[in-house]
There are 2 protein chains.
Amino acid sequence: MRILLVEDDSILGAAVRDHIVASSHSVDWVTRLDAATTYLESAAYDLILLDMMLPDGRGISFLRSMRMKGCATPVIILTALDQISDRIQGLNAGADDYMTKPFDLSELSARLNAVARRYSGNPNPLVEIGDLQIDLAARTVARGGRPIDLTAREWALFEAFVQRPGQIMSKVQLEERLYAFGAEVESNTIEVHVSRLRKKLGHSVIDTVRGIGYRLGNAR
Amino acid sequence: MRILLVEDDSILGAAVRDHIVASSHSVDWVTRLDAATTYLESAAYDLILLDMMLPDGRGISFLRSMRMKGCATPVIILTALDQISDRIQGLNAGADDYMTKPFDLSELSARLNAVARRYSGNPNPLVEIGDLQIDLAARTVARGGRPIDLTAREWALFEAFVQRPGQIMSKVQLEERLYAFGAEVESNTIEVHVSRLRKKLGHSVIDTVRGIGYRLGNAR
DNA sequence: CGAATCCTGTCAGCAAGCTGACGGGTATGT
DNA sequence: ACATACCCGTCAGCTTGCTGACAGGATTCG
């Protein structure tokens, strides 16, 4: 999952950024709204964490603007404890959820997961694909009750497919989803990860559509 | 569809064989039961057309034997008009249908199609896959009401996938299904036909599972 | 703290698959 | 009967993808 963090408090920003990275999501962190606008135009984000008070304006204006432009990316607003009006206004402006500073990072994870699940159109974290049992919340895969151990990258890649069954994802799309700006990969890294995933899950779980991308196999 | 024809009458056998070939199915024609046994052990048939009176025995014995061995291939028995007991015995022994000689060849086609549909577990000839509308009886494919013209070979290949959604078919399996003994192909003919089919249907209708085979794409 | 292990991205060689082109045989039309 | 068009299998060169190996950095363990 790719996240845009808009937060000018450097200590909080760094903590949140690090936590997101440790959760094996990718994150771009900006401290101003103009940068957020630019980033949002350049990449597809799965989630935006949006502070309300920023040096060049209010998060609420940014949120209204992006909603008016038809952008449906889920937004969690970050508000001060005593700013209840920010929360109400934010939710009314189209935010999906809010968190009040200071917040516990495990609370952040829970919120991230909840929004991601809603966004993927699949609120139920338990998925079966062929003979695989997948828990999107616990980030586990098993076959016949036997767990299959996936690394963070492998999980992130697999999750991308599971959240979009049947949809072909190009290598560029996968790269954008798995890597933040400045962390793009060169060479054939996506192919390598797909190969590693296949080694663990079996060669018919993910299909290649040559010249286009990859998708979940048609396991019926 | 690959058919085993067991018929010692050379005129009838030739007429039936030619009709089957003209219908773009493949057929192996034998005149004796021992040859039929050998063929059945060597290849997977979709249907057997079985005469009752053969030089080396009765078709009914062959049918009983193959059913006892657990072979589920559909069988249409070919009987003389006045041999009603053959018909009853044949059906009781596990035949799927019967035809009485002499029969009209278009009647044979209808029977072939009916059995093939039942065998594929999909008695309904109308199938939708992604945005394709397929009529298995009329052997037509259309997209948005616009027909897509397939040649006989292309249709045979496509039909194989449609009848087994989600199942990976290896090149060998496809070859066995599309070509009779003595008509096997060399070189990369299956790949070429898949490529041609993709050119007409789109590149994401059939997925390649590298090193294993092909199957219908996961169009959801 | 050092050693061992693991994860991840890169590299590069290989290979399975893809596709344009061609020729022979068949079917169709005049 | 001849010309044309089409189908189909083969060929071969190209291409995209796959994967083993490696090295560097991060993590884990004693």
Side-chain angles (χ1 to χ4, degrees), chain A residues 18 21-26 139 148-158 160-161 168-215 217, chain B residues 18 21-26 139 148-158 160-161 168-215 217:
Chain A
D18 292 347
V21 169
S23 305
S24 306
H25 301 297
S26 65
R139 305 164 81 92
I148 299 173
D149 210 30
L150 297 187
T151 67
R153 277 291 184 227
E154 287 160 3
W155 170 261
L157 186 59
F158 186 55
F161 295 124
I168 305 175
M169 301 193 74
S170 70
K171 283 171 216 165
V172 170
Q173 285 174 321
L174 290 167
E175 192 175 314
E176 285 177 353
R177 186 179 166 122
L178 268 64
Y179 301 96
F181 280 125
E184 285 100 351
V185 289
E186 311 169 35
S187 186
N188 60 341
T189 308
I190 296 288
E191 286 95 322
V192 170
H193 282 309
V194 167
S195 180
R196 286 177 180 155
L197 208 38
R198 281 172 170 152
K199 205 159 201 175
K200 292 186 175 179
L201 298 178
H203 278 256
S204 50
V205 173
I206 296 166
D207 284 354
T208 306
V209 184
R210 186 177 168 106
I212 304 180
Y214 301 99
R215 67 180 155 184
Chain B
D18 292 346
V21 170
S23 304
S24 307
H25 300 296
S26 65
R139 305 164 78 92
I148 300 173
D149 208 31
L150 297 188
T151 66
R153 278 289 183 231
E154 288 160 3
W155 170 261
L157 185 60
F158 185 56
F161 295 124
I168 305 174
M169 301 193 73
S170 71
K171 283 169 213 163
V172 170
Q173 285 173 321
L174 290 167
E175 192 176 314
E176 285 177 351
R177 186 181 167 121
L178 268 65
Y179 301 97
F181 279 126
E184 285 100 349
V185 288
E186 310 171 33
S187 187
N188 61 339
T189 307
I190 296 288
E191 285 95 322
V192 170
H193 282 307
V194 168
S195 180
R196 286 176 180 156
L197 206 40
R198 281 173 169 152
K199 206 158 199 177
K200 291 185 176 181
L201 299 177
H203 278 257
S204 51
V205 173
I206 295 166
D207 283 355
T208 306
V209 183
R210 185 179 168 106
I212 305 181
Y214 302 98
R215 66 179 156 183

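Naming convention: chains lettered A, B, ... in sequence-line order (proteins, then strands); numbering from 1 in each chain.
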Discussion item. So, does B/K171 get its side chain near the phosphate of C/dA16, meaning an N or O under 4.0 Å from OP1 or OP2?
Written reply: no
Worksheet entry | Any A/Y214 side-chain nitrogen or oxygen under 4.0 Å from OP1 or OP2 of D/dT16 | no
Discussion item. When you measure only distances, ignoring hydrogens and angles, does the side chain of A/N188 come within 3.5 Å of the base of D/dT16 through a donor and an acceptor?
Written reply: no
Worksheet item: Of the nucleotides D/dT19, D/dG9, D/dC18, which one has an atom closest to the side chain of A/T208?
Response: D/dC18
Worksheet item: Does B/S204 offer a backbone N or O that forms a donor-acceptor pair with the side chain of A/R215 under 3.5 Å?
Response: yes
Discussion item. Looking at B/S195, I'd like to know whether one of its side-chain N or O atoms comes within less than 4.0 Å of OP1 or OP2 on C/dG17.
Written reply: no
Practice prompt. Taking only the side-chain nitrogens and oxygens of A/R196, find out if one of them lies under 4.0 Å from OP1 or OP2 of D/dT19.
Written response: no
Worksheet item: Quick one: is C/dT10 close enough that its OP1 or OP2 comes under 4.0 Å of any side-chain N or O from A/T189?
Response: yes
Fill in: DNA chain D: 5'-proximal contact among A/G213 and B/V192 (nearest heavy atom)
B/V192
Response to the item:
Which of C/dT19, C/dG17, C/dG9 is nearest the side chain of A/Y179? It is C/dG9
Discussion item. Does D/dC6 have its OP1 or OP2 closer than 4.0 Å to a side-chain nitrogen or oxygen of B/T151?
Written reply: no
Worksheet item: Would you say a side-chain N or O of B/K199 is under 4.0 Å from OP1 or OP2 of C/dG20?
Response: yes
Practice prompt. May I ask you to evaluate whether A/R153 reaches the phosphate of C/dG9, defined as a side-chain N or O under 4.0 Å from OP1 or OP2?
Written response: yes
Discussion item. Any non-hydrogen side-chain atom of A/V205 less than 4.5 Å from a side-chain atom of A/F161?
Written reply: no
